[in-house]
**Student:** 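Quick one: the structure is below, questions incoming.
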Amino acid sequence: QVQLVESGGGSVQAGGSLRLSCAASGYTYGSRYMGWFRQAPGKEREGVAAIYTRGSSTYYADSVKGRFTISQDNAKNTVYLQMNSLKPEDTAVYYCAASTKTFGSIPRTPPEYAYWGQGTQVTVSS
């Protein structure tokens with residue numbers, strides 16, 4: 001059974017840090033591409049970061065470049081999102097996702113991802 005389980009969300013003040021984890025099981029960790037997305041109330045789901053799990057290539061949205069870092073631990077089948085210098089506009093539900101894409105550029109949009117976690121809330125207060 002395919003499963004993605006996020007953890008690590010919470011509430012922090014602006015300037016603080018959080019680390020999100022996504023534990024993958026089933027087919028998903030055979031996925032070549034894993035991503036983090038977020039969705040704020042009233043807004044569309046947007047890509048935050050993604051990683052090519054069989055190499056070192058990464059993608060970051062402009063809004064998080066220099067503040068967020070995506071990484072992986074293949075031994076633990078886990079992908080992480082380290083979030084530093086958090087801003088109130090980072091407040092959202094964060095989702096982990098796995099793509100079935102097998103080659104090409106790192107997928108950046110929700111339709112390119114087939115499997116999703118349940119989401120974890122991140123709240124940043126000013």
Side-chain angles (χ1 to χ4, degrees):
Q1 183 177 353
V2 172
Q3 192 170 21
L4 297 172
V5 180
E6 301 102 333
S7 61
S11 298
V12 295
Q13 290 191 328
S17 298
L18 285 172
R19 188 177 80 156
L20 305 183
S21 300
C22 173
S25 62
Y27 162 78
T28 54
Y29 219 74
S31 297
R32 288 173 169 80
Y33 304 100
M34 299 286 291
W36 285 98
F37 292 79
R38 66 186 181 187
Q39 189 166 20
K43 295 188 176 181
E44 294 186 352
R45 192 169 298 189
E46 62 174 354
V48 174
I51 189 167
Y52 175 58
T53 63
R54 302 189 182 187
S56 59
S57 296
T58 56
Y59 157 77
Y60 295 96
D62 288 343
S63 58
V64 306
K65 280 181 182 176
R67 302 188 297 123
F68 290 12
T69 303
I70 188 170
S71 62
Q72 59 182 335
D73 184 335
N74 289 337
K76 296 182 178 180
N77 289 352
T78 299
V79 174
Y80 303 98
L81 185 68
Q82 178 67 43
M83 306 185 294
N84 298 329
S85 302
L86 282 161
K87 304 175 180 180
E89 51 263 45
D90 294 319
T91 295
V93 178
Y94 282 71
Y95 298 90
C96 174
S99 175
T100 56
K101 188 176 179 180
T102 57
F103 66 95
S105 59
I106 295 177
R108 304 178 177 188
T109 64
E112 298 177 280
Y113 286 80
Y115 303 106
W116 293 84
Q118 81 287 353
T120 186
Q121 177 71 46
V122 171
T123 302
V124 185
S125 58
S126 57

**Student:** For Gln39 versus Lys43, what's the shortest heavy-atom pair and its separation?
**Tutor:**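 In terms of heavy atoms, the two residues are closest at NE2-O, 3.1 Å.
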
**Student:** Look at the aromatic rings of Tyr94 and Phe68 and report parallel, tilted or perpendicular, splitting at 30° and 60°.
**Tutor:**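 Answer is tilted, since the angle falls between 30° and 60°.
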
**Student:** What's the spacing between Ser99 OG and Ile106 CD1 if we round to 0.5 Å?
**Tutor:**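 The distance works out to 10.5 Å.
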
**Student:** Does the cation-pi check pass for Arg19 over Tyr80, that is, NZ or CZ under 6.0 Å from the six-membered ring centre and within 45° of its axis?
**Tutor:**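 So Arg19 does make the cation-pi contact.
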
**Student:** How far apart are the closest heavy atoms of Leu4 and Ala97, and which atoms are they?
**Tutor:**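 Heavy atoms only, the tightest pair is CD1-CA, 3.8 Å.
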
**Student:** Heavy atoms only: give me the nearest Ala14-Pro88 pair and the separation to one decimal.
**Tutor:**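 For Ala14 and Pro88, the tightest heavy-atom pair comes out as CB-CD, 4.1 Å.
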
**Student:** Any sub-3.5 Å donor-acceptor pair from Glu46's side-chain atoms to Arg38's backbone N or O?
**Tutor:**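 No, because the side chain of Glu46 does not come within donor-acceptor range (under 3.5 Å) of the backbone of Arg38.
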
**Student:** Tell me the closest heavy-atom pair linking Ala40 and Ala92, and the distance in Å.
**Tutor:**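 Of all heavy-atom pairs spanning Ala40 and Ala92, the closest is N-CB, 3.8 Å.
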
**Student:** Assess the pair Tyr33 and Tyr52: is the distance between their ring centroids shorter than 6.0 Å?
**Tutor:**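 Ring centroids of Tyr33 and Tyr52 are less than 6.0 Å from each other.
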
**Student:** Is the distance between the ring centroids of Tyr113 and Tyr95 under 6.0 Å?
**Tutor:**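 No: the rings miss the under 6.0 Å criterion.
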
**Student:** Using the rule given for side-chain contact (heavy atoms from CB on, under 4.5 Å), can you reason through Cys22 versus Trp36, listing the C-alpha separation, both sets of side-chain angles and the distance that settles it, and then say yes or no?
**Tutor:** CA-CA 9 Å; Cys22 173; Trp36 285 98; 3.6 Å; yes

**Student:** How about Ser105 and Tyr59: do any of their side-chain heavy atoms sit closer than 4.5 Å?
**Tutor:**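 Contact flag for Ser105/Tyr59 side chains = no.
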
**Student:** To the nearest 0.5 Å, what is the distance between CG (Leu20) and CD1 (Ile70)?
**Tutor:**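 One finds 10.5 Å between CG of Leu20 and CD1 of Ile70.
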
**Student:** Distance-only, no hydrogens or angles: does the Thr91 side chain make a donor-acceptor pair with backbone N or O of Val124 under 3.5 Å?
**Tutor:**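 Such a contact is found between Thr91 side chain and Val124 backbone.
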
**Student:** Let me confirm one number: the CG-OG distance from Leu18 to Ser11, rounded to the nearest 0.5 Å.
**Tutor:**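 Going from CG on Leu18 over to OG on Ser11, the span is 8.5 Å.
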
**Student:** Within this structure, what is the OG1-CE distance for the pair Thr78 and Met34, rounded to the nearest 0.5 Å?
**Tutor:**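 Here the rounded value is 9.0 Å.
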
**Student:** Using only atom types and a distance under 3.5 Å, with no angle test, would you say the side chain of Glu6 pairs donor to acceptor with the backbone of Gln118?
**Tutor:**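 It does hold such a pair.
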
**Student:** Could you state the interatomic distance from OG1 (Thr102) to CZ (Arg32), rounded to the nearest 0.5 Å?
**Tutor:**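 One gets 5.5 Å once the value is rounded to the nearest 0.5 Å.
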
**Student:** If I take atom OG1 from residue Thr69 and atom CE from residue Met83, how far apart are they, to the nearest 0.5 angstrom?
**Tutor:**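 Answer for the OG1-CE pair, Thr69 versus Met83, is 11.0 Å.
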
**Student:** Are Lys87 and Asp90 close enough for a salt bridge, meaning some N to O gap below 4.0 Å?
**Tutor:**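 No, this pair does not count.
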
